[in-house]
2 protein chains.
Amino acid sequence: MNAPQMTRNQALVFDVLEKAEGPLSAYTILDKLRDQGFRAPLQVYRALEKLLEYGVVHRLESINSFVACAHPGEDCHSHGIVAFAICESCGQVIEFHDHEVDHRLMGWVRSQKFKPAKTTIEIRGTCEACAA
Amino acid sequence: MNAPQMTRNQALVFDVLEKAEGPLSAYTILDKLRDQGFRAPLQVYRALEKLLEYGVVHRLESINSFVACAHPGEDCHSHGIVAFAICESCGQVIEFHDHEVDHRLMGWVRSQKFKPAKTTIEIRGTCEACAA
DNA sequence: TCAATTGCGTTATGCTATAACGTGTGCAAT
DNA sequence: ATTGCACACGTTATAGCATAACGCAATTGA
Ligand SMILES: [Zn+2]
Ligand SMILES: [Zn+2]
Ligand SMILES: [Zn+2]
Ligand SMILES: [Zn+2]
């Protein structure tokens with residue numbers, strides 16, 4: 001999925017996510033866009049839905065938050081499963097990919113004749129900087 | 001974490017999960033336990049919190065639901081990262097483990113000096129029986 | 001022009017999860 | 001026995017996350 005042309009709302013939401021230090025919840029995004037005329041959650045969720053489709057934003061299932069893709073231009077859909085390490089102390093997120101992990105999971109999936117649609121890999125813990 | 005002795009509420013919640021065909025939300029569990037005297041979400045969430053500690057229940061982050069461990073007696077904490085394949089059609093969940101995946105992820109984590117606390121691997125898609 | 005599609009705004013609602021307070025019970029130290 | 005603590009429990013209220021349903025406006029393509 002390639003981004004055709006972002007609408008105003010999509011661009012505003014994406015901009016907020018790109019400039020953020022870490023992942024943001026939909027309601028946090030909403031608050032940051034009140035001055036630009038955002039009034040309701042749906043404005044954010046509808047924009048996010050498209051940005052997820054375009055592959056320029058990722059959803060972190062384990063913390064109900066969203067983050068801009070760390071590999072712009074590479075088209076995350078093409079480089080396999082995306083994994084995230086989430087620091088529960090500072091909120092920083094590291095996005096990475098591991099082809100061997102993809103390979104093992106897809107092997108298992110094949111062996112079960114399971115048809116994967118969306119795969120989530122999220123490691124929550126403490127980043128190096130935050131380590132005690 | 002080994003289960004010392006379940007309280008009444010914990011046993012009721014666990015029983016519901018064990019007898020269920022698939023994962024259940026906290027509120028669905030609540031509804032199923034109204035006849036046993038459950039009135040409020042906290043009764044369910046508090047029981048779930050303990051059951052998760054004991055390792056006899058897993059939380060599926062991507063669908064905000066809970067499922068009884070498919071490998072009773074093995075102590076899921078001991079056999080590494082737990083992964084789930086979730087059929088979005090019939091709701092069935094397959095719990096599995098792959099040491100190579102663990103190994104790769106833990107290798108990455110070490111290389112980043114990231115300290116993992118809890119890792120989520122969830123594959124949403126369609127199971128063999130539900131395939132078109 | 002007409003119909004279909006898409007984005008948008010608004011209101012209302014539903015689902016998920018926790019805060020805060022108080023009660024009762026079991027158990028150990030004094 | 002009394003005191004203090006830990007823990008489970010019950011209840012009410014609130015916070016946080018997400019979508020349904022309606023109507024309007026702009027775009028596009030037949
Ligand atoms: Zn990405
Ligand atoms: Zn950190
Ligand atoms: Zn398990
Ligand atoms: Zn199925």
Side-chain angles (χ1 to χ4, degrees), chain A residues 1-17 20 22-54 56-67 86 88 91 118 120 122 124, chain B residues 1-17 20 22-54 56-67 86 88 91 118 120 122 124:
Chain A
M1 182 73 56
N2 209 10
Q5 173 63 14
M6 283 190 203
T7 66
R8 170 181 154 82
N9 283 6
Q10 288 160 23
L12 284 168
V13 168
F14 182 64
D15 195 54
V16 164
L17 281 175
L24 301 178
S25 77
Y27 277 71
T28 302
I29 296 170
L30 173 58
D31 286 338
K32 287 181 183 292
L33 288 175
R34 297 241 181 237
D35 292 344
Q36 332 296 327
F38 274 49
R39 323 276 337 164
L42 258 190
Q43 296 176 279
V44 177
Y45 281 109
R46 289 204 272 231
L48 285 172
E49 186 179 14
K50 290 300 181 184
L51 295 172
L52 289 169
E53 266 182 44
Y54 302 157
V56 298
V57 162
H58 298 293
R59 178 191 170 90
L60 302 177
E61 305 283 356
S62 65
I63 57 173
N64 296 321
S65 294
F66 303 86
V67 69
I86 305 166
E88 290 176 310
K118 183 82 182 14
T120 296
E122 296 175 16
R124 290 170 322 285
Chain B
M1 184 72 56
N2 210 9
Q5 173 62 14
M6 283 189 203
T7 66
R8 170 181 154 84
N9 283 6
Q10 288 159 25
L12 284 168
V13 168
F14 182 65
D15 195 55
V16 165
L17 281 175
L24 301 178
S25 77
Y27 278 72
T28 302
I29 296 171
L30 174 58
D31 285 339
K32 287 182 183 292
L33 289 176
R34 297 238 180 242
D35 292 344
Q36 331 296 325
F38 274 47
R39 321 279 336 166
L42 259 191
Q43 296 176 280
V44 177
Y45 282 109
R46 290 206 269 231
L48 286 172
E49 184 180 12
K50 289 300 179 183
L51 295 172
L52 290 168
E53 267 182 43
Y54 303 157
V56 297
V57 162
H58 298 292
R59 177 191 172 91
L60 302 176
E61 305 284 356
S62 65
I63 58 174
N64 296 320
S65 294
F66 303 85
V67 68
I86 305 166
E88 291 175 309
K118 182 82 184 14
T120 297
E122 295 175 16
R124 281 152 353 265

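Below, read A as the first sequence line, B as the second, and so on, with proteins coming before strands; counting in each chain starts at 1.
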> For the residue pair Val56(A) and Phe14(A), what are the closest heavy atoms and their distance?
Replying inline: O-CE1, 3.5 Å
> side chain to side chain contact (heavy atoms under 4.5 Å, CB included) with Ala26(A): which residues, sequence neighbours excluded?
Replying inline: Val44(A), Tyr45(A), Leu48(A), Phe66(A)
> What is the distance from OH of Tyr45(A) to P of dG14(C), rounded to the nearest Å?
Replying inline: 17 Å
> Tell me, do Arg59(B) and Asn64(B) make a side-chain contact under 4.5 Å, heavy atoms counted?
Replying inline: yes
> How would you give the extent of chain A contacts on DNA chain D, as first and last nucleotide 5' to 3' within a 4.0 Å heavy-atom cut-off?
Replying inline: dC17(D) to dA21(D)
> Can a salt bridge be assigned to the pair Lys50(A) and Glu53(A) using a cut-off of 4.0 Å between side-chain N and carboxylate O?
Replying inline: yes
> Between dA17(C) atom P and Leu24(B) atom CG, what is the distance in whole Å?
Replying inline: 13 Å
> Between atom CG of Leu24(A) and atom CG of Leu30(A), what is the distance when rounded to the nearest 0.5 Å?
Replying inline: 12.0 Å
> Atom CG in Asn9(A), atom CG in Leu42(A): separation rounded to 0.5 Å?
Replying inline: 11.5 Å
>> According to side chain to side chain donor-acceptor pair (under 3.5 Å), who are the partners of Gln43(A), at least two apart in sequence or on a separate chain?
In response: none
> Listed by chain and number, what are the salt bridge (Lys or Arg N to Asp or Glu O under 4.0 Å) partners of Glu122(B), not counting sequence neighbours?
Replying inline: none
>> I want to confirm an ordering. Mapping Ala47(A) and Pro41(A) to their closest nucleotides on DNA chain C, which one lands closer to the 5' end?
In response: Ala47(A)
> Considering all heavy atoms of both residues, which atom of Ala47(A) and which atom of Val13(A) are nearest to each other, and what is their separation?
Replying inline: CB-CG2, 3.7 Å
> Would you say Thr7(A) reaches dC8(C)'s phosphate, i.e. side-chain N/O to OP1/OP2 under 4.0 Å?
Replying inline: yes
> What residues form a salt bridge (Lys or Arg N to Asp or Glu O under 4.0 Å) with Arg124(B), not counting sequence neighbours?
Replying inline: Glu61(A)
> Please give, in whole Å, the distance from dT6(C) C1' to Glu53(A) CD?
Replying inline: 12 Å
> Of all of residues 26-35 of chain B, which get a heavy atom below 4.0 angstrom from DNA chain C, listed by number?
Replying inline: Tyr27(B)
>> Filter on side chain to side chain donor-acceptor pair (under 3.5 Å), then keep only pairs touching residues 27-40 of chain B, sequence neighbours left out; what's left?
In response: Ser25(B)-Thr28(B), Asp31(B)-Arg34(B)
> If an axis is fit to five pairs at each end of the helix from dT1(C)-dA30(D) to dT30(C)-dA1(D), what is the angle between the two, to the nearest 10°?
Replying inline: 20°
>> OP1 or OP2 of dA17(C) versus the side-chain N and O atoms of Asn64(A): is any pair under 4.0 Å?
In response: no
>> Would you compute the distance between atom CG of Leu12(A) and atom CG of Leu17(A) and round it to the nearest 0.5 angstrom?
In response: 11.5 Å
> For nucleotides 19-28 of chain C, read 5' to 3', which letter fits each nucleotide if B means a protein heavy atom sits under 4.0 Å from the base, S means only the sugar-phosphate is that close, and - means neither?
Replying inline: BB--------
> Rounded to whole angstroms, how far apart are CG on Leu48(B) and C1' on dT16(C)?
Replying inline: 12 Å
>> Nearest 0.5 angstrom please: Met6(A) CE to Tyr54(A) OH, how far?
In response: 8.0 Å
